[in-house]
Visitor: 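Here it is, the structure, as structure tokens.
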Amino acid sequence: MAAETAELVGTIEMVKSAAEQALAHESAEGMEMVERQLAHVESSVRELQQTFWCTEIKAAIRNLENGRPLTPQDKQVVRHFIVSDAEHYLRVENNYGDWVQELRRLLGSIAAAAPGVTRETIGELRGTIKDAQRVIPDIRNYLDEQRRLDIFEEQIDKLDEQSRGVLVRLLREKLTMPNF
């Protein structure tokens, strides 16, 4: 595991350096490259998570398959596999309120500008709309992660035979698919 962790640290340092260069040069192409690199890092981290928890998740899968209740440890392991990323994201994200406020401000500006739009001001209106469109995916992502966590919390103690089967398939896929 130490080798994988050391490789991950090296890769992250390369991404940081690439991001600093892209930011220093205000390069959209550079930021696209950083985005691709971060996707690769996320995939590597997911694979490392699978390695860290492999033994425990297999035990939880056996309990699910055999109809036994999940132990508190099983539930914790399943949580790590299914929603730990969402949990942490929601805990550390500190811009949600700003995004909501910004969207409201922009929609107010759009509504105020629309009745008096002219040939000269139509570009300004389009720019404001574009800005509003930019913030919506951040808000949606936050709400999607919250919903994902809420559904997990709601369902983990209500597993019937069918939902146990679905959970087993999902956990097995996460164990075997490096890019899940």
Visitor: So that I can tick it off, tell me whether R46 and E42 are bridged by a salt bridge, with the cut-off set at under 4.0 angstrom between side-chain N and carboxylate O.
Guide: yes
Visitor: Any heavy-atom pair between the side chains of V77 and L70 that's under 4.5 Å?
Guide: no
Visitor: Stepwise, does the salt bridge (charged side-chain N to carboxylate O under 4.0 Å, His left out) test hold for R126 with D131?
Guide: CA-CA 9 Å; R126 288 188 66 212; D131 200 13; over 6 Å; no
Visitor: Between T118 and T121, is there a donor-acceptor pair closer than 3.5 Å when you use the side chain of the first and the backbone of the second?
Guide: yes
Visitor: Mind checking what makes side-chain contact (heavy atoms from CB on, under 4.5 Å) contact with Q146, not counting sequence neighbours?
Guide: L90, D150
Visitor: Taking the side chain as every heavy atom from C-beta outward, state whether Q101 and R105 have any atom pair closer than 4.5 Å.
Guide: no
Visitor: Among residues two or more places apart or on two chains, list those pairs meeting side-chain hydrogen bond (donor to acceptor under 3.5 Å, both in side chains) that have a residue in residues 65-81.
Guide: N63-R68, N63-D74, E65-R172, T71-D74, K75-D157, R79-E87, R79-E153
Visitor: Linking I/L/V/M/F/W/Y whenever their side-chain heavy atoms sit closer than 4.5 Å, directly or via other members, would L48 and L175 fall into one cluster?
Guide: yes
Visitor: Only distances under 3.5 Å count here; give the side-chain donor-acceptor pairs of residues 4-23 to other protein atoms, sequence neighbours excluded, each with its distance to 0.1 Å.
Guide:
unit_1, atom_1, unit_2, atom_2, d
E4, OE1, M1, N, 3.1
T5, OG1, M1, O, 3.0
T11, OG1, E7, O, 3.0

Visitor: With D98, which residues qualify under salt bridge (charged side-chain N to carboxylate O under 4.0 Å, His left out), at least two apart?
Guide: none
Visitor: Let me confirm one number: the CG-NZ distance from L106 to K130, rounded to the nearest 0.5 Å.
Guide: 14.0 Å
Visitor: Got a donor-acceptor contact below 3.5 angstrom from the E93 side chain to the N95 backbone?
Guide: yes
Visitor: Any donor and acceptor pair, going by atom type alone, linking the side chain of S84 with main-chain N or O of F81 inside 3.5 Å?
Guide: no
Visitor: Can V166 be reached from I61 by stepping across I, L, V, M, F, W or Y side chains whose heavy atoms are under 4.5 Å apart?
Guide: no
Visitor: Please examine the side chains of H88 and V92, heavy atoms only from C-beta on, and report whether any two atoms are closer than 4.5 Å.
Guide: yes
Visitor: Going by the rule side-chain contact (heavy atoms from CB on, under 4.5 Å), which residues pair with R164 if we only count those two or more places apart in sequence or in a different chain?
Guide: L64, L159
Visitor: Measuring from atom CD1 of I151 to atom CD of Q155, what distance do you get when rounded to the nearest 0.5 angstrom?
Guide: 7.5 Å
Visitor: Enumerate the residue pairs fulfilling ring pair (Phe, Tyr, Trp, His ring centres under 6.0 Å) with a member in residues 22-46, sequence neighbours excluded, ordered by first and then second residue.
Guide: none
Visitor: Can you confirm whether W99 sits close enough to I136 that some side-chain heavy atom of one is under 4.5 Å from a side-chain heavy atom of the other?
Guide: no
Visitor: With Y96, which residues qualify under ring-ring contact (aromatic ring centres under 6.0 Å, His included), at least two apart?
Guide: Y142
Visitor: For E161, does the CD atom have more than 12 heavy-atom neighbours from other residues, nucleotides or ligands under 6.0 Å away?
Guide: no
Visitor: Before you tell me yes or no, could you show the steps for I156 and I82 under side chain to side chain contact (heavy atoms under 4.5 Å, CB included), namely the whole-Å CA-CA distance, both residues' side-chain angles and the distance that decides it to 0.1 Å?
Guide: CA-CA 11 Å; I156 191 65; I82 304 293; over 6 Å; no
Visitor: Could you name each residue pair satisfying ring pair (Phe, Tyr, Trp, His ring centres under 6.0 Å) that touches residues 113-141, not counting sequence neighbours?
Guide: none
Visitor: Tell me every residue that passes side-chain hydrogen bond (donor to acceptor under 3.5 Å, both in side chains) with R36, counting only those two or more places apart in sequence or in another chain.
Guide: none
Visitor: State whether the side chain of K174 and the backbone N or O of Q50 hold a donor-acceptor pair below 3.5 Å, judged by distance alone.
Guide: no
Visitor: Quick check on the hydrophobic clustering: are F152 and L170 connected, directly or via other members, by side-chain heavy-atom contacts under 4.5 Å?
Guide: yes
Visitor: Could you tell me which residues satisfy side-chain contact (heavy atoms from CB on, under 4.5 Å) with T55, sequence neighbours excluded, listed by chain and number?
Guide: none
Visitor: Which value, rounded to the nearest 0.5 Å, describes the distance between R91 atom CZ and L149 atom CG?
Guide: 9.5 Å
Visitor: With sequence neighbours left out, what residues match I110 under side-chain contact (heavy atoms from CB on, under 4.5 Å)?
Guide: L107, L125, T128, I129, A132
Visitor: Just to verify, what does D138 make a salt bridge (charged side-chain N to carboxylate O under 4.0 Å, His left out) with, not counting sequence neighbours?
Guide: none
Visitor: Go through it in stages, so that I can follow the logic: the residues are E102 and R134, the test is side chain to side chain contact (heavy atoms under 4.5 Å, CB included), and I'd like the CA-CA distance, side-chain angles, deciding distance and then a yes or no.
Guide: CA-CA 10 Å; E102 177 70 352; R134 170 202 54 81; 4.1 Å; yes
